[in-house]
Amino acid sequence: MAKEKRKTPKLDELEKGKWPSFVKEIKTAAEKNPMAEDLLGQLERSYEEKIGHWKHGGIVGVLGYGGGVIGRYSDLPEEFPNVSHFHTLRINHPAGWFYTSDVLRKLCDIWEKHGSGLTNMHGSTGDIIFLGTRTEELEPVFKELTDIGFDLGGSGSDVRTPSCCCGKARCEWACYDTMALTYFLTMHYQDELHRPAFPYKWKFKMAGCPNDCVASIARSDMSIIGTWRDEIQMDKEAVAEYAKSGLNIQRDVVGNCPAKCMDWDGKEIKIDNKACVKCMHCINTMPKALSPGKDRGACILIGSKAPIVEGALLSSVLIPFIKLEPPYTELIDLVDRIHEVWAENGKNRERVGEFIQRVGMGNFLEAIEVEPIPQMIAHPRENPYVFYEEYYEEDGEDSDGQEEEK
Amino acid sequence: MAEQVKVEEVADAMYKMVKDSMGQKKWKATDLTKAVLELFGDRCDKALAKSAIRELIESGKCVYTYFGGSFIEIPHKEGAEN
Ligand code: HEM
Ligand code: HEM
Ligand code: SF4
Ligand code: SF4
């Protein structure tokens, strides 16, 4: 049958404009690949009818793994037989997303051979995404991927593929080696990554400084964000240069410091470092003159998530400062205690942030054996009916009148 | 402490639980772990339960599935696949 060119007037609209177009890319792939061709057809149909035509699958995967494959089927298999199966693979990306062009070609070759040829570099999870293949192709793809040193990533109720900013590889503000920690956590938690054993997903994201280029504070159950605890480093000559070149230091640097801890007398900047909240504003504005301090480490925050079962949460401070160097024993101990408590007591599909809201931060901290401290307060107390145990003990009947030892 | 049961025995017990309640209950890894700890008492621990799950999956007797969260089930043809 001579093939007539498929008409896709609605999709064609999305090729207009100066920006890249996924429609254009799918059309290019469709010249060689029948899956991509039928994908255009089903998508155009969805745009006409304003109805999605994908069904979720829940059982497909590779032997031994509980994650990495997301099952999808078309509900119009007769009309679009080449996308009747259209499973997605998540592939564990290298930390910081560094590749050689050679390995990129190999990845694409594998996918042109076994799937739609369409990739998403990278998904919002961080993984390399291979879009669209059939059930019987899963094992062959997996084999070829492992042959070139790649592995599937996480999905479902497991440790998701850890991801990070480029850190020390390209950024002088990195307060710890984000790529090294990402690699370490990926290898250390292989079992938890491939064999889902939690109430729901668990994401680690590593940012080298408070600029948080991986948006870890909004997107990860454990956000590990670089910070420092000494003074902001300053090059006074460079400060003078900025002033000379016309930067309005008073208005645009000092005036915007959220902690109001900076002073500018027209010659020198003074910073009250004890009051600095490490927002990065001054450093971002004067990168040649200011940089994070020398005593560097990270702040560990917990609990963020996007709205799925319940509303969105941002992470809040759990450990204000920790040194992060191999073998990362302190961090691993903490994570394991959290996993244990959450796995044991979390409800199905309850993220750790929601779990903390349900049981209360106080109970959570007690269970993971972390002392409460003022830095953990996310916002001022708003409920006057919350009381503290010590408050009762001092006046209560059981009190022996002695002050608790500090 | 009592002598531990064999990993195969734990895996078999888990398999039976999954099989007997097919279509009625979906088991998560933690549910299976809690169930065998109860069944075998101090002759089983979490690490052993974990090895048993691995055994079940790698032998192909059970598979991980995803329906909102991750579960452990007997392999079957899935409904969504026409
Ligand atoms: C029998 C009915 C009611 C009882 C027993 C009652 C009792 C209370 C109590 C004990 C508080 C203090 C809560 C706290 O400290 O946070 C409160 C707060 C408040 N109630 Fe009611 N209330 C009643 C009805 C209402 C009604 C009908 C309204 C509005 C039309 C209302 C408006 C408020 C407001 C605005 C506050 C917050 C006041 C503040 O803390 O500044 N209440 N109520
Ligand atoms: C419908 C009736 C009542 C309403 C709506 C009401 C509402 C309120 C509200 C809004 C407050 C302020 C709480 C705060 O923000 O701190 C309050 C405080 C208070 N109310 Fe009432 N009230 C009612 C009846 C009573 C009665 C009958 C009594 C005593 C027999 C009483 C005793 C108190 C006391 C002692 C406080 C101060 C509590 C504190 O500061 O901790 N109230 N009430
Ligand atoms: S988060 Fe900080 S360290 Fe990481 S790339 Fe961004 S600015 Fe650099
Ligand atoms: S980092 Fe932020 S809070 Fe700290 S001194 Fe600079 S502007 Fe102020």
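Throughout, protein chains are lettered first and strands after them, A, B, ... in sequence-line order, and every chain is numbered starting at 1.
- Of the listed residues A:Gly67, A:Gly61, A:Gly64, the one with more heavy-atom pairs under 4.5 angstrom with chain B than any other is A:Gly64.
- The parts of A:Val60 that come within reach of chain B are both its backbone and its side chain, each placing non-hydrogen atoms under 4.5 angstrom from that chain.
- Closest non-hydrogen pair, A:Tyr200 versus B:Gly68, comes out as CE1-O, 3.5 Å.
- Residue B:Arg54 holds its CZ atom at 6.0 Å from CG of A:Asp191, rounded to the nearest 0.5 Å.
- Between B:Glu78 and A:Tyr73, the closest side-chain pair of non-hydrogen atoms falls below 4.5 Å.
- For chain B, the nearby parts of A:Ile59 are the backbone and the side chain; heavy atoms of each come within less than 4.5 Å.
- Heavy-atom distances place no part of A:Asp158 under 4.5 Å from chain B, backbone and side chain included.
- At a threshold of 4.5 Å between non-hydrogen side-chain atoms, the residues A:Glu344 and B:Thr30 do not count as touching.
- Ranking A:Ile70, A:Asn348, A:Ile308 against chain B, the residue ahead of the rest is A:Asn348, based on heavy-atom pairs under 4.5 Å.
- Within 6.0 Å of the CD atom in A:Glu136, the count of heavy atoms belonging to other residues, nucleotides or ligands exceeds 12.
- The two residues A:Gly66 and B:Tyr64 have their closest heavy-atom pair at CA-CD1, 3.1 Å.
- Taking a 6.0 Å sphere around NZ of B:Lys34, one finds it holds more than 12 heavy atoms contributed by other residues, nucleotides or ligands.
- Using a 4.0 Å cut-off between charged side-chain N and carboxylate O, B:Glu58 and A:Arg195 make a salt bridge.
- Counting heavy-atom pairs closer than 4.5 Å to chain A, the top-ranked of the candidates B:Ala29, B:Ser70, B:Pro75 is B:Ser70.
- Only the side chain of A:Glu340 comes within contact range of chain B, with heavy atoms under 4.5 Å apart.
- Shown here is A:Glu78, whose CD atom has no more than 12 heavy atoms of other residues, nucleotides or ligands within 6.0 Å.
- Remark: A:Lys143 NZ is loosely packed, at most 12 non-hydrogen atoms of other residues, nucleotides or ligands lying under 6.0 Å away.
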